Enquirer: 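So that we are looking at the same thing, I have put the structure below in C-alpha cells.
Fair warning: this is a prediction, and the values are worked out from it, not measured in the lab.
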Amino acid sequence: MPSSSAAASAPAAPVSGTTVAITNFAFSPASLTVKVGTKVTWTNKDGDAHTVTSTGSGGPLNSPAMATNDTFSFTFTTPGTFNYLCTIHPFMTAVVTVTP
C-alpha cells in the first residue's frame with residue numbers, strides 16, 4: 001500500500017516564483033530566487049501594516065507602509081543578493097537572490 005506521507009517528507013526545493021505573501025508577521029517565502037528582469041510582487045495578508053525595505057543604505061526596495069491586501073512590486077534589473085525587512089517589525093527579514 002503506497003504511503004501518502006512520502007511526498008510530505010521530501011526535502012523542499014529552492015523556491016522560485018514572482019510573489020511573496022506577508023502573513024503571520026513573516027515573508028513567505030523568506031528566500032526567493034529569480035532571474036534578472038523579474039518583477040516580484042509582495043502582498044500584505046496581515047491585519048497590520050508592513051513594509052518591504054532593503055537592509056543597509058541605498059538598497060532598491062523601499063515600499064510605503066502597506067495596509068491589508070496592499071501590494072508592492074519591484075523589477076530586479078541586476079544580479080545579486082537583496083536582503084530586506086519590514087521597518088515596522090524589523091524581526092521580519094527575507095532575501096531575494098537574482099541570477100543572470
Enquirer: What heavy-atom pair brings P100 and V36 nearest, and what distance separates the two atoms?
Expert: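 Closest approach of P100 to V36: CA-CG2, 4.0 Å.
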Enquirer: Under a 3.5 Å cutoff, is there a donor and acceptor pairing between the side chains of S28 and T23?
Expert: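 S28 vs T23: no donor-acceptor pair found between side chains.
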Enquirer: Once side chain to side chain contact (heavy atoms under 4.5 Å, CB included) is applied, do any residues pair with D70, and if so which ones, sequence neighbours excluded?
Expert: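 D70 satisfies side chain to side chain contact (heavy atoms under 4.5 Å, CB included) with M66, A67 only.
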Enquirer: Checking side chain to side chain contact (heavy atoms under 4.5 Å, CB included) for the pair T93/T55: CA distance, chi angles, key distance, verdict?
Expert: CA-CA 9 Å; T93 61; T55 57; 5.6 Å; no
Enquirer: Please name all residues satisfying side chain to side chain donor-acceptor pair (under 3.5 Å) with T43, sequence neighbours left out, ordered by chain then number.
Expert: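 With neighbours one apart ignored, the set is empty.
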Enquirer: Within the distance-only criterion (no hydrogens, no angle test), does the side chain of T68 pair as donor or acceptor with the backbone N or O of D46 below 3.5 angstrom?
Expert: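 Judged by distance alone, yes, a pair lies under 3.5 Å.
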Enquirer: Kindly give the heavy-atom pair with the smallest separation between H89 and A49, and that separation in Å.
Expert: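 Here H89 and A49 meet closest at CE1-O, 3.3 Å.
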Enquirer: Do V98 and T38 have side chains that get closer than 4.5 Å, going by heavy atoms?
Expert: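 Not touching, per the 4.5 Å side-chain cut-off.
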Enquirer: Nearest 0.5 Å, please: how far is OG1 in T53 from CG in N83?
Expert: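 That separation rounds to 13.0 Å.
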Enquirer: For residues 53-72, which residue pairs pass the ring-ring contact (aromatic ring centres under 6.0 Å, His included) check, not counting sequence neighbours?
Expert: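 Listed by first then second residue: W42-F72.
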Enquirer: What is the minimum heavy-atom distance between D48 and N44, and which atoms define it?
Expert: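 Where D48 meets N44 most closely, the heavy atoms are O-ND2, 2.9 Å.
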Enquirer: I want to check something: taking the side chain as every heavy atom from C-beta on, are T51 and C86 in contact at a cut-off of under 4.5 Å?
Expert: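 Result yes, sub-4.5 Å side-chain heavy-atom pair found.
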Enquirer: How about F27 and I22: do any of their side-chain heavy atoms sit closer than 4.5 Å?
Expert: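 Side-chain contact under 4.5 Å: yes.
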Enquirer: Out of curiosity, does F25 fall in the hydrophobic cluster containing I88 (side-chain heavy atoms, cut-off under 4.5 Å, transitive links)?
Expert: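 Looking at the clustering, F25 is in a separate group from I88.
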Enquirer: Work out which heavy atom in P29 is nearest to a heavy atom in V20; give both atom names and the distance.
Expert: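 Taking every non-hydrogen atom into account, O-CG1, 4.0 Å.
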Enquirer: Is any side-chain heavy atom of L85 less than 4.5 Å from a side-chain heavy atom of M92?
Expert: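 L85 vs M92: side chains apart.
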Enquirer: Report the distance from atom OG1 of T99 to atom CZ of F76, rounding to the nearest 0.5 Å.
Expert: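 Result: 12.0 Å between the selected atoms.
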Enquirer: Working to the nearest 0.5 angstrom, can you tell me the gap between T41 OG1 and F74 CZ?
Expert: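 Separation between the atoms: 12.0 Å.
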